[in-house]
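What follows is one structure encoded as structure tokens, with my remarks underneath.
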Amino acid sequence: MSEALEHSDAPSRLGPWLAAARLGWAIESNWADPFVFMTYQIVRPLFGALILVVMFKIVTGQPTSSAVFGQMYVGNAFFILVVQCVSCIGLVIFDDRERYQMLRYIYLAPIGLGAYLAARGMARLAATTVSILFTLAVGAWLFGLRYHLSPADLPYFSLILILGGIATLAMGIMLGGSTMLMAQNGWSMPEGVSGVLYLFCGAVFSIDILPWPFSAVARLIPWTYWLEGIRRSLLGSGYVASLAGLTNAQILLRLGIGTAGTVAVAWLTLRFAEYRAVATGKLDEKTDH
Amino acid sequence: MNWAIETQNLRRVFRGGTVRRLWRRKSAQNGNGETVALDAVDLQVKPGELFGLLGPNGAGKTTLLKILSTLLLPTSGTATVDGIDVAKDPERVRKRINMVSGGEHSGFGILTVRETIWMFAQFYGVPGRVVRERADRMMDILGLTEFAETKVSKLSTGTRQKMNIIRGFVSAPRILYLDEPTLGLDVAVAREVRSFVRAWVDEHPERSIILTTHYMAEADSLCDRVAIIDRGRVRACDTPANLKRDWAPECVYRIEIPLWTQGGHPLDDLDVVRSADVEHHGDRGRTNLRVILENGDGIGAVTERLSQRGVAALSVSRLEPTLEDAFLNLVGHGLAASEEKGR
């Protein structure tokens, strides 16, 4: 058997994936320099949170010590992960195809496009974790938020975070896959989708205030249960009145089902987009528009 | 025989807007606005062969490579790589191939040369120790060692292309596609790349390379066999020597005469002359004629006609036929002419 086949017929699963994650980290963390990167990772989400605080005080007239404020603040802090990961993975195809002109070589490599996109998203996920932790710390320091995460809640909280992370990566892969069939000017689509999710998953406003078709969508998507689980773990109570009757286990189950559904749809979307891109010759076609 | 590559009746048609951007050759379009990029392509490439696809821009070379590398599906017909159907089992095909394209400014600028090579080797599952050995050796051969820790964004076009060459070779693929690998490179770098490619094939006799080029000399000097492709069809496929013998049987002479200022050339009404190219060198007071004759006996008639017109033949030399002569006979025009039409 040839040398190449010895390598590639049984490649290490982790090696290619780590290499792609490392590339993602290099791109995410070196867009300027580490100092500027950290400033960007901290200042931007922090000021996003501060804008929310000002809006909350003006609109509701309530103090930041109110329970609603804590729910909004935590939901907004964690939603940064969805925005960052979905936008990041959603732009990988455009960047690799148009800017770096490397998409065809990545596609031809045995790593597989799905694993590559997930690895690139993981790098952003790691970077965004810093933003979330800092925003939460500021919430405690400036606005007196108290987090009640006990060691007993830790396994539940970890499961919630992992499932939400998987769902978010899957959504990114779904959007990233579909951009294979788009010209470069579709770059804003992933950001648009994360904006829609922001409204539908109750990051700031409870899904109970949404009109019927939208509230039904909100109950189907995993991020609604993800944020509810996070709030229950960190703040000791949920945010959405209509979900109050669900136990923590039921929230976890719904999140699991929603995540599995998102992963399945993402896989199908990616496979379909790959097929269409290869059938039409768009996979490595630089659009320049 | 187990072919490295085999295509049967391969056809690819582009439709709609994509056609306009990719394929500007109106002559290849049919009445439905479709462009037939490949038509009835039958090819076999042996294991260990350095196989050339020679043709002008828009001939279908890159389309063929894209199909063979699973980047594009054929409209009809079949293509197998190492015995595996590219349309039915592309994942298995990808484990056996790699690709390098020329004329592009590709690369992740944030990574260094070594990081780029390492990353792609990882994608192919090549162990770290093997990567280091291969990368160091290849960088040494291509004169890239001093740039190993340089970020890709800082590299010149030629150096970047050398890195991409190594990226393609480092996984030691069974079949490697080189799509115009020397396009846009200066003469010295192009020569280094050609030597590297030839040496690699000689060192790895069981592996195959498919090289597309529109440089005649590159195909002639590098390839074991060459397929001449034009407007989506394979016009001939053989060794460069056989192509020249079979498709360029005429006698070609270079004749130097004093500067000819009367328009046309002094042999324009001679039956034995099939064609003649004229080059004037006013600074030297000379005109060079490149004359293709029906057969070797015609040279007597040529010198006689020059003598009748009072033109002294300052020098007469017989030229060996080139791949370009074969191409010209097969396709009916030279590469430059077809590229002009393509614009």
Side-chain angles (χ1 to χ4, degrees), chain A residues 1-31 95-113 115-116 119 183 274-289, chain B residues 12 14-16 18 21-22 37 47 63 66-67 69-73 75 82 87 90-101 104-112 115-116 118-128 130 151-152 164 167-168 171-177 204 206-207:
Chain A
M1 187 181 278
S2 78
E3 210 174 350
L5 292 180
E6 281 166 15
H7 298 323
S8 50
D9 272 359
S12 149
R13 287 275 168 210
L14 203 57
W17 195 86
L18 286 175
R22 191 169 179 274
L23 169 68
W25 179 254
I27 289 174
E28 297 300 326
S29 66
N30 279 292
W31 58 271
D95 275 350
D96 286 9
R97 184 179 67 195
E98 314 275 341
R99 184 175 168 200
Y100 303 119
Q101 299 178 40
M102 295 298 275
L103 185 62
R104 70 168 70 166
Y105 306 118
I106 285 157
Y107 181 73
L108 293 183
I111 181 178
L113 210 47
Y116 174 76
E274 266 188 67
Y275 171 78
R276 285 296 303 159
V278 170
T280 55
K282 288 182 187 298
L283 187 102
D284 65 334
E285 187 187 311
K286 200 165 176 287
T287 56
D288 281 329
H289 66 83
Chain B
R12 173 71 209 198
F14 285 98
R15 299 180 176 88
T18 311
R21 244 174 301 134
L22 286 175
T63 300
K66 283 188 172 188
I67 290 173
S69 61
T70 77
L71 286 169
L72 185 67
L73 283 173
T75 304
D82 209 17
E91 283 88 2
R92 280 181 69 209
V93 170
R94 285 183 210 127
K95 290 177 181 173
R96 288 156 168 79
I97 62 170
N98 210 327
M99 186 181 200
V100 176
S101 299
E104 60 184 20
H105 204 62
S106 60
F108 293 105
I110 198 75
L111 299 182
T112 66
E115 285 169 342
T116 302
W118 175 83
M119 181 181 76
F120 274 92
Q122 289 293 300
F123 287 172
Y124 282 84
V126 185
V130 179
K151 281 196 164 45
V152 172
N164 277 322
R167 176 191 54 68
S171 62
R174 288 290 291 263
I175 293 139
L176 179 65
Y177 305 113
H204 301 84
E206 76 286 5
R207 315 214 171 186

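We use all heavy atoms of the structure for the numbers below, so side chains are in, but hydrogens, waters and symmetry mates are not. Here is the naming used below: chain letters follow the sequence lines, and residue numbers restart at 1 for every chain.
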Which portion of [X] sits near chain A, non-hydrogen atoms under 4.5 angstrom:
| X | answer |
| --- | --- |
| Glu91(B) | side chain |
| Val93(B) | neither |
| Leu72(B) | both |

#### Entry: Options Ser69(B), Pro90(B), Ser101(B), Gly109(B), ranked by heavy-atom pairs under 4.5 Å with chain A, top entry
Ser101(B)
### Message
Looking at chain A, which one of Arg167(B), Arg92(B), Arg12(B) has the largest number of heavy-atom pairs inside 4.5 Å, strictly under?
### Response
Arg167(B)
Is any side-chain heavy atom of [X] closer than 4.5 Å to a side-chain heavy atom of [Y]?
| X | Y | result |
| --- | --- | --- |
| Tyr107(A) | Met99(B) | no |
| Tyr105(A) | Phe123(B) | no |
| Thr70(B) | Val278(A) | no |

### Pairs of heavy atoms under 4.5 Å with chain B: top-ranked of Arg104(A), Glu274(A), Arg99(A)
Arg104(A)
## Note on the structure
Max heavy-atom pairs within cutoff under 4.5 Å with chain B, candidates Ala115(A), Ala277(A), Ala279(A), goes to Ala279(A)
### Task
Against chain B, label Ile106(A) side chain, backbone, both or neither, depending on which of its atoms sit under 4.5 Å from a heavy atom there.
both
### Message
Does any backbone or side-chain atom of Leu283(A) lie under 4.5 Å from a heavy atom of chain B? Answer side chain, backbone, both or neither.
### Response
side chain
Which atom pair, heavy atoms only, marks the closest approach of [X] to [Y]?
| X | Y | value |
| --- | --- | --- |
| Ala26(A) | Ile110(B) | O-CG1, 3.7 Å |
| Gln101(A) | Glu104(B) | OE1-CB, 3.2 Å |
| Gln122(B) | Pro16(A) | O-CG, 3.2 Å |

### Task
Go through the steps for Tyr124(B) and Leu108(A) under the test side chain to side chain contact (heavy atoms under 4.5 Å, CB included), then give the verdict.
CA-CA 10 Å; Tyr124(B) 282 84; Leu108(A) 293 183; 4.2 Å; yes
### Query
To the nearest 0.5 Å, how far apart are CG in Asn164(B) and CE in Met102(A)?
5.5 Å
